[in-house]
Amino acid sequence: MPMLDRRLAAFRPDLADIALKGQVEATRFVAPEPAMIGRPVVALRPRPDMTTGIDTELLLGEGVRVFERSGGVAWVQALSDGYVGYLPQEALIPAVEPTHVVTVPRTFVYPGPEMKLPPRMAISIGSRLKISGEAETRGTRYFLTDDGSAIIARHLRPIADPAMEDFVSIAARFLETPYLWGGKSGFGIDCSGLVQMSLALSGHSAPRDSDMQASGLGAVITREELRRGDLVFWKGHVAIMEDAETLIHANGHTMTVAREPLEDAIQRIGWLYEQPTGYRRPVAET
């Protein structure tokens, strides 16, 4: 029996996903309950200690499967990529079907259709909302949620619409976003989060972590074949080729999402992490 990855399978000695019955040993198996994220950004952690480092983040409107709620902490699995971890129970709200997704790096949620009102919160690209109406104030169009909150209409698109654009152009929207280990939002992002988010917003799914991406995302290519949209991997790092000579990546050198010549990156990263470990083309040619 293959060893299960704890990042993608919900199992502990005392509790496990009922779907894993017969694959793992646990005292109790449960069927998960649906819920969704009700905060702008929520950290997902490998342990129920809310002070420990984060694995990834979940965004407003993302769906989850809930296995346990205990002591103010929930053990969940993200619907988008299957990632398992712990988050504050208060971050969860009842699941609804979102209709729209945020397409700009960051936007505001206002208490009504008026940009001069103090915003209720700022939300990230990739956040999902259920839109139930619209309004216009002095020529500015807003989408409205069930509670009357308003978002600039041009900052959203229907989830059912075709993907925004090619994923490299989406990655470029994150330029100058701060680097954040485990980050996956317009407020802070890491290297594999940039790949996953950019692909998702262009209509393509991708695993969350760089080792998962390096082992199974798209097709293996050679360095000589590199072109726009291909990925370059190092141990623990991934970058997106903007063209045949330049890459975009969230990196700990600039602590931002930045452009860098491929050769410069290879030389600089090589001092610590040696040469690239592989190259992949994540999106098949059409």
Side-chain angles (χ1 to χ4, degrees), residues 7 53-57 59 80-81 83 103-106 124-126 163-285:
R7 296 172 294 178
I54 73 173
D55 277 341
T56 185
E57 293 178 324
L59 304 179
S80 60
D81 57 16
Y83 220 104
T103 58
V104 294
R106 295 158 296 279
S124 166
I125 188 171
M164 292 166 55
E165 55 201 273
D166 85 291
F167 91 95
V168 182
S169 297
I170 296 170
R173 295 188 180 199
F174 287 89
L175 286 167
E176 302 301 328
T177 299
Y179 177 86
L180 176 66
W181 179 271
K184 199 190 74 171
S185 81
F187 303 109
I189 200 162
D190 66 14
C191 63
S192 55
L194 178 65
V195 171
Q196 186 190 50
M197 286 291 291
S198 302
L199 282 167
L201 288 162
S202 69
H204 303 280
S205 61
R208 174 60 179 93
D209 293 339
S210 61
D211 65 319
M212 302 175 185
Q213 296 168 359
S215 64
L217 179 57
V220 175
I221 58 171
T222 65
R223 179 173 173 179
E224 291 69 32
E225 296 176 282
L226 283 176
R227 67 183 191 201
R228 180 180 173 87
D230 292 336
L231 304 178
V232 182
F233 292 91
W234 288 262
K235 182 180 179 181
H237 188 61
V238 59
I240 302 166
M241 296 302 298
E242 187 172 33
D243 54 43
E245 290 84 32
T246 309
L247 50 77
I248 297 174
H249 59 159
N251 67 92
H253 178 63
T254 65
M255 289 302 292
T256 63
V257 177
R259 289 187 174 95
E260 187 173 8
L262 172 62
E263 290 301 327
D264 289 358
I266 289 175
Q267 291 293 324
R268 178 178 59 76
I269 296 172
W271 287 102
L272 289 176
Y273 298 108
E274 301 180 347
Q275 294 299 298
T277 56
Y279 310 90
R280 299 190 77 97
R281 183 159 296 156
V283 179
E285 297 178 90

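Side chains are part of it too, since the values below use all heavy atoms of this structure and drop only hydrogens, waters and symmetry mates.
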Using modelled atom types and a 3.5 Å cut-off, is there a donor and acceptor pairing between side-chain atoms of Ser215 and backbone atoms of Met212? yes
What closest approach, in Å, do Pro276 and Ile266 show between heavy atoms, and which atom pair accounts for it? CG-CG1, 3.9 Å
Arg208 and side chain to side chain donor-acceptor pair (under 3.5 Å): which single residue from Asp81, Asp55, Asp190 fits? Asp190
What are the two closest heavy atoms between Ala265 and Leu247, and how far apart are they? CB-CD2, 4.0 Å
Electrostatic pair Glu260-Arg268, nearest N-O below 4.0 angstrom: yes
Give the minimum heavy-atom separation between Thr103 and Ile125, together with the two atoms involved. O-CD1, 3.7 Å
Hey, could you give me the CG/CG distance between Leu231 and Leu226, rounded to the nearest 0.5 Å? 9.5 Å
Are there more than 12 heavy atoms of other residues, nucleotides or ligands under 6.0 Å from atom CD of Glu274? no
Closest approach of Thr177 and Phe187, non-hydrogen atoms and distance? CG2-C, 4.1 Å
Taking every heavy atom of Phe174 against every heavy atom of Val257, the minimum-distance pair comes out as O-CB, 3.2 Å
Can you tell if the side chain of Arg173 reaches within under 4.5 Å of the side chain of Leu201, non-hydrogen atoms only? no
Is any side-chain heavy atom of Val283 closer than 4.5 Å to one of Asp166? no
Distance check, rounded to the nearest 0.5 Å: Ser192 atom OG versus Leu217 atom CG? 11.0 Å
Using a strict threshold of under 4.0 Å (side-chain N to carboxylate O), is an ion pair present between Arg259 and Asp264? no
Only counting residues at least two apart or in another chain, list the ones meeting side-chain hydrogen bond (donor to acceptor under 3.5 Å, both in side chains) with Glu245. none
Using only atom types and a distance under 3.5 Å, with no angle test, would you say the side chain of Asn251 pairs donor to acceptor with the backbone of Thr256? yes
For a quick check under 3.5 Å, do Arg228 and Ser169 share a side-chain donor-acceptor pair by atom type? yes
Looking at Asp209 and Arg7, is any side-chain nitrogen of the basic one under 4.0 Å from a carboxylate oxygen of the acidic one? yes
What's the separation between atom CD in Glu57 and atom CE in Met197, rounded to the nearest 0.5 Å? 9.5 Å
Taking all atoms of both residues into account, what is the closest heavy-atom pair of Leu59 and Ser185, and its distance? CD2-CB, 3.7 Å
Test item: Lys184 side-chain N/O and Gly193 main-chain N/O as donor-acceptor pair under 3.5 Å: no
Quick one: do Thr246 and Leu262 satisfy side-chain contact (heavy atoms from CB on, under 4.5 Å)? Show the steps, please. CA-CA 5 Å; Thr246 309; Leu262 172 62; over 6 Å; no
Hey, is the main chain of Phe233 close enough, under 3.5 Å, to the side chain of Thr277 for a donor-acceptor pair? yes
Just verifying a value: how many Å separate Ile189 CD1 and His249 NE2, rounded to the nearest 0.5 Å? 13.5 Å
